[in-house]
Student: 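Mind looking over this structure? Questions follow.
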Amino acid sequence: MSAPSCRVCAASLGAADFDDPGPSLTSIRTVLDLPTRVWLCENCGHAQSPDLPELTDFYDTQYRISLDIDGHDQLYENAAGEQVFRTAYQAELVAGLDIPDGAKVLDFGAGKATTLQRLMAERSDLRPHVFDVSRDYTEHWAGWVPEDQQATYALPDGWTDRFDLITAHFVLEHVPDPVAILRELSRCLAPGGRLFLSVPDCGSNTGDLLVVDHLNHFTAASLTRAFTEAGLRIDSLDQASFAGAFIVVATGGTPGTVPARETGALRTVLGDWTAILHRLRTEAPAEPVAIYGAGFYGTLIATRIAGGPRCFLDRNPYLQGHDHMGAPVLTPEDCPADIASIVVGLNPARARTILADTSAWRPEGARLIWLDG
Ligand SMILES: [Zn+2]
């Protein structure tokens with residue numbers, strides 16, 4: 001494979017800075033028999049992973065996030081440290097933007113557009129538009145988004161200079177050419193219109209670096225650089241509202257200054273992950289094993305420990321009662337009494353806070369095993 005170029009600043013990149021033989025995991029917990037590779041760009045501070053094979057097809061026909069389980073949602077942590085459902089919290093953040101009466105709003109990479117639909121429940125004056133790279137979602141748009149306000153595969157020419165607000169919730173991390181997408185969004189903003197965008201912050205939620213369908217792992221520096229390249233100015237870059245994510249509000253106009261790049265910290269983090277994955281493979285926890293968390297981190301652990309877990313423990317009611325990787329997902333209170341090890345599959349930066357008190361449910365003989373030792 002030839003050396004890749006940076007997806008943000010186009011600088012040539014050398015050898016991968018992280019290279020694990022796999023298996024790899026996608027953001028929707030699909031296990032793929034692929035290596036996990038990450039490159040860091042010393043020029044702009046970006047971190048990136050290679051294109052997935054058959055990438056276009058993956059989003060068109062396989063990326064059915066939230067389609068298979070009705071009402072499925074992801075648990076996130078808000079600024080107050082409370083567990084909240086992602087779409088409700090996104091809608092709350094967007095509602096706080098002081099959107100003008102009758103504004104034309106586009107949800108770009110909308111999926112089912114649950115966030116926009118929630119917003120519309122309070123703001124029926126808004127004129128909703130939706131876009132995605134798949135037609136999987138059209139039945140979810142029918143009835144509340146007029147057909148001429150829906151688009152798939154390409155943003156119509158007629159949408160140039162149209163929108164007072166464009167939202168893109170957790171989209172930009174998936175795209176091979178983020179600057180080209182931002183230019184397209186910039187084209188579709190009305191004069192004075194705003195872009196509200198969220199992406200994972202791989203510095204505060206480091207497992208994001210290992211998510212193979214996240215081709216981009218943005219830092220504050222590379223995110224700002226990408227917006228600048230696209231002719232957009234960031235008005236606010238917020239790392240506090242959403243644990244593990246950047247929330248950006250931008251407008252067209254003269255770009256501001258780009259913060260200093262920060263690859264040193266990410267290089268350390270990638271070294272830590274190499275050590276964590278090695279330990280999971282070589283130091284078997286006492287059996288039977290439960291994994292706390294059936295999301296990305298828990299699934300990653302399950303792919304690495306011999307024999308797999310007896311069960312997962314998870315607070316998300318949409319995951320409970322289903323099997324995952326051949327093991328049941330239980331509420332922590334239903335943890336079997338004979339479990340010897342509970343491997344904590346949560347963001348290592350937050351895990352000890354989230355599980356500060358396990359006295360209400362942890363069986364007496366079960367030892368907690370933290371990813372970071
Ligand atoms: Zn770069």
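Atoms within a ligand are numbered from 1 in the order they appear, just like the ligands themselves.
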Student: Got a sec, which residues hit side-chain hydrogen bond (donor to acceptor under 3.5 Å, both in side chains) with Tyr297, two or more places apart in sequence or on another chain?
Tutor: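 With neighbours one apart ignored, the set is Asn205.
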Student: Going through the distances and angles, do Phe242 and Phe170 end up as a ring pair (Phe, Tyr, Trp, His ring centres under 6.0 Å)?
Tutor: CA-CA 12 Å; Phe242 228 122; Phe170 298 98; 5.7 Å; yes
Student: Taking atom CZ of Arg279 as the centre, does the number of heavy atoms from other residues, nucleotides or ligands within less than 6.0 Å exceed 12?
Tutor: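 It does: Arg279 CZ has more than 12 such atoms within range.
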Student: Under the side-chain hydrogen bond (donor to acceptor under 3.5 Å, both in side chains) test, which residues partner Ser5, sequence neighbours left out?
Tutor: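 Once residues adjacent in sequence are excluded, Ser5 has no partner under the side-chain hydrogen bond (donor to acceptor under 3.5 Å, both in side chains) criterion.
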Student: Are Phe108 and Trp159 close enough, and set up right, to give a ring pair (Phe, Tyr, Trp, His ring centres under 6.0 Å), and what steps lead you there?
Tutor: CA-CA 12 Å; Phe108 178 85; Trp159 286 8; 9.7 Å; no
Student: Using a cut-off of 2.8 Å, how many protein N, O or S atoms sit around the Zn ion (ligand 1)?
Tutor: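 Considering protein N, O and S only, the Zn ion (ligand 1) has 4 within range.
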Student: Could I get the full list of side-chain hydrogen bond (donor to acceptor under 3.5 Å, both in side chains) partners for Trp273, not counting sequence neighbours?
Tutor: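 Scan of Trp273 (side-chain hydrogen bond (donor to acceptor under 3.5 Å, both in side chains), adjacent residues dropped) gives Thr206.
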